[in-house]
J.: 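Below: one structure in structure tokens.
Proteins get letters first, then strands, A, B, ... in listed order; numbering begins at 1 in each. Computed from a predicted model, the values in this text were never measured in an experiment.
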Amino acid sequence: MAAVTSDAEVEVRRPRRSVVVGVLLVVWVAAYFVLRGVDTLVLGGQETTPLHRWLTEHRDDVGQGNAVFDAIRFVVDQFVVLLQNVIAQPSFDRPVPVIGWLGVVAISAYCAWAFGNWKVAVLTAAGLGFVGLQGLWQESMDTLALTIAAVLLSLLIAIPLGIWAGLSNRAFRVATLVLDLMQTLPTFVYLAPLTLFFAIGPAAATIATLIYAAPPAVRLTAHAIRSVPSESVEAARSLGSTGGQTLLKVLLPMSRSTVVVGINQTIMAALSMVTVAALIDAPGLGQTVLKALQTLDVGVAFNAGLAIVVIAIVLDRVTTAAGDRPWRTASVRRKVLLGAGGVGVLIAVWFSRTYVWAAEFPTDVNIGSRIAKVVADVTLWVQDTFGGFTYGLRDVVTEGVLNPFQALLTGSPWWLVSVVVVALAAVLGGWRGAAPAAVCLALLVATGLWQDSMVTLASTLLATVVVVAVGLALGVWAGRNRRVDAWIRPVLDAGQTMPPFVYLVPFLALFGTSRFTAIAAAVVFAVPVTTKIVADGIRAVPVATVEAANSVGSSTWQVISKVQLPVARRAITLAVNQGLIYVLSMVVVGGLVGAGALGYDVAAGFAQSELYGKGLAAGLAIVLLGVLLDRVTQAASRRTQDFPQAFHSRGDKR
Amino acid sequence: VKKLRYAGVLTAVALALAGCGGEKVGSDEPAAGGGKDCGTFNLAVNPWVGYEANAAVVSYVATKDLGCKVVKKELKEEISWQGFGTGEVDAVLENWGHEDLKKKYIETDKVAVAAGSTGVKGVIGWYVPPWMAEKYPDITDWKNLNKYAAQFKTSESGGKGQLLDGDPSYVTNDEALVKNLNLNYKVVQSGSETALIQAFRDAEKNKRPLLAYFYEPQWFFNELKLVKVNLPEYTAGCDADPAKIACDYPPYDLDKVVSKKFADSGSPAYDLVKNFQWTNEDQNAVARMIAVDKLTPDQAAEKWVKDNQPKVDSWLGKS
């Protein structure tokens, strides 16, 4: 019944606030018509500010030749090359890798079985076999080698950091800030500087992946340690355990399953970097995708993208199964079976080292070219059938919603926008919202990219609104219905791991080069995570609460709107927050299909040396937008409902 | 479960029996190439098909005739130049101007050296799809562009005509050009070559107007003969002040750049890169085989080399 009381509070407070917000907006629009075009801080495409030029000039100040970076690079490089030699590349004077495909399949399936269960073992074998049949065995193994290297190194750093952040409040606050930065900073921004430190090639690609993939593991480890009930810790203390003993015997075992979720998220994040890392010569499937795009070959790009999705789904299911597995010693029967399986694996490995058929994946059956052909045909059909309609839709949305909104943001003087945003943040979130908003806005002005930031902000907000609407609808549906959930989840997984580059070409064909195209791509990318979190939140609503509502004769709609959504509000806040971060992480990709503004600035900074500083500033501007929106939404939700600070991460796990 | 285990054992035995009959690893190892001391040759491959055609032929010849181990690295231009210093990249085969990079890496850092012209002529400019040039013949003169501006309006161009710009890798003067030529157009960034090509495809197919930044040689010209709009002619020095540019882009003589270390190494691959030179037609032929006929770069190179042996011989210093 707690939900009902808090709901009542909200009902009382809301009208007052919405009136204030409404008045603010009306005043803003009125002021816009008077002050239009004043102090809008426009900066042309090739123009730069002194700050940008300063950044460009100082890019070489730290860089290669530094012994520390060289040592790191050397170690990482050796590690990745070793893994590649073992499973992917011809090595040690042999025309094939150390372990051929049969051995790799056997080892993977065995591990899946040992750590998870036999179902995921079968899935693993089937998944790897499918990738081989696609004609992408070697590329997939290169990708897998790089992913394994990046994930292991991430965990090596992330888990100790996570434990530290879990134990110390100050470390936790610092970590949250740094992780926010790591996750919203577009990967393109640090790709070029990274090559300065670590040159190009597998080492730099691994490190770029590591930066992007480590945060979820840190966050979830810290979260897991923090959510161990204090009674357990106190009980251990009272029995005389030292700090180290408490950590090893109580905290870590009790947080194991959440930590595994973190590892799972790290793997997913690492795989989503495959295509981007290919820009600095990461070997593997990313190269195939990028190359296919040069000739706009959607089919081949999709085929490679599909291989990434398959690998991602396999790794996801295996780690999930490993996390769900109860922690106990194996029975004798299982030990015997494990031993027998181990012998089988060794035999398979021996085969794969000895015979050509087990070393190189057979090329007789190649379903890859068939997949590519079907996808190309379907894409063409969709383009021809819906082309006219989609252009019309784009024009209506752009003229009716996006252009007026963008005009309001870009046409108003910067100080007017700032005042309005800070005032809105204050009304919605109190000083906790207003203070960060003011700081972020000031820094945005300082980046010299105010105008571009406002263009990006307009598209981002519109995309987020769509993402939240779609995510809520799908999430509630999936959360209330197990069968829907079972069907929808693989599609969501695919949407999250399929490299956005793959669907850019069809989207370009449907919507032309425009901001709308970028919005559409961002929506496709961000809806899965929002949906998953909402569905999990809805499912976590206690059955008794729902039953009680049903028993007093509530309609389905009433149950959803009065019980399930309010109770799951914390999950929904997290979903909005994550939807926003995902949309922002697509800004650069949007820049490649005509969104211009910050996304284009970042891409241009990566490609042109004179624009390096501007690109860096644009990357920071994206981060600032992210922090601004994140803080305001969080402060607003905290004020609406006095619940604990929303724990946020890329975590979209059940 | 037991049955399953028996089935597993049986399968394993069957596999073992079948497997033992197979060919053994290493039994068909190819004989080592030419015998000359070439070693590893790190070739940057910049992301456009014309470049890939260069790389395909050079790498084919280096492997077949010189016995080099060619490592192709797919990189953007800027990133490839960085590779000269670290030894990650030995050669860039088709460089489009990039005076700033030349200054930094050749003159200041002295890690790279010029290796002569590729023989290919590069053209940058504004293009319209063929159907427009046919229907409005006078559109190819920039003076008439304002007349057609209304046609080029899109949802992105804010009431003016849209001039679609391209890949962020290229420096453009388009914003200055539009301003200095008093054109009623707005530059819209497409952001990638992929977006540009898709836009042209769509424009031709659905007869939509499009004015966009593009360049030759480009494999896409095999599919669609885009028509160039003539801007005020380029004269030496007319592009000295970026803000005041009011003339066409200069013609580019595409050239090769190699790392200093590679040039001094005495590798036969360096001589090959230095002597390598061909024409736009040659490059387009190979690019077409790769992009349109979907041959692998190696197959395309093999085919071209077979038909052009004298040229290849001259690169190898055989003639």
J.: For B:Glu52, is it the side chain, the backbone, both, or neither that has a heavy atom closer than 4.5 Å to a heavy atom of chain A?
T.: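 For B:Glu52, the contact with chain A is made by the side chain alone.
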J.: Would you say NZ of B:Lys72 has more than 12 non-hydrogen atoms from neighbouring residues, nucleotides or ligands within 6.0 angstrom?
T.: yes
J.: Which of the residues A:Ser514, A:Gly512, A:Gly596, A:Ala282 is involved in the greatest number of heavy-atom pairs with chain B at under 4.5 angstrom?
T.: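 Looking at each of A:Ser514, A:Gly512, A:Gly596, A:Ala282 in turn, A:Ser514 comes out on top.
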J.: Measure distances from B:Val89 to the heavy atoms of chain A and classify the residue's part below 4.5 Å as side chain, backbone, both or neither.
T.: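 Side chain only.
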J.: Is the count of non-hydrogen atoms from other residues, nucleotides or ligands lying under 6.0 Å from B:Lys260 atom NZ greater than 12?
T.: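 For B:Lys260, atom NZ is not crowded (no more than 12 foreign heavy atoms under 6.0 Å).
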J.: Less than 4.5 Å apart, any side-chain heavy atom of B:Gln198 and any of A:Thr513?
T.: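 In short, these two side chains do not touch, never coming nearer than 4.5 Å.
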J.: Is B:Glu88 paired with A:Arg73 through a side-chain N to carboxylate O contact shorter than 4.0 Å?
T.: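 Here A:Arg73 pairs with B:Glu88 in a salt bridge, since their nearest N and O are under 4.0 Å apart.
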J.: Measuring heavy-atom distances to chain A, does B:Trp219 have an atom under 4.5 Å in its side chain, in its backbone, in both, or in neither?
T.: side chain
J.: For the atom pair CD (B:Glu74) and CG (A:Leu290), what is the distance rounded to the nearest 0.5 Å?
T.: 8.0 Å
J.: Using heavy-atom distances under 4.5 Å, tell me whether B:Ile290 contacts chain A through its side chain, its backbone, both, or neither.
T.: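 For B:Ile290, no heavy atom lies under 4.5 Å from chain A.
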J.: Is any side-chain heavy atom of A:Thr398 closer than 4.5 Å to one of B:Glu156?
T.: yes
J.: Should A:Leu293 and B:Glu193 count as side-chain neighbours, where that means a heavy-atom distance under 4.5 Å?
T.: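 No, every pair of side-chain atoms sits at 4.5 Å or beyond.
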J.: When rounded to the nearest 0.5 angstrom, what distance separates CG in A:Leu592 from OG1 in B:Thr194?
T.: 8.0 Å
J.: Run through B:Asp202, B:Asn206, B:Thr154 and flag the one making a side-chain contact (heavy atoms from CB on, under 4.5 Å) with A:Tyr391.
T.: B:Asp202
J.: What's the spacing between B:Ser190 OG and A:Leu508 CG if we round to 0.5 Å?
T.: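 Spacing of OG (B:Ser190) from CG (A:Leu508) equals 8.5 Å.
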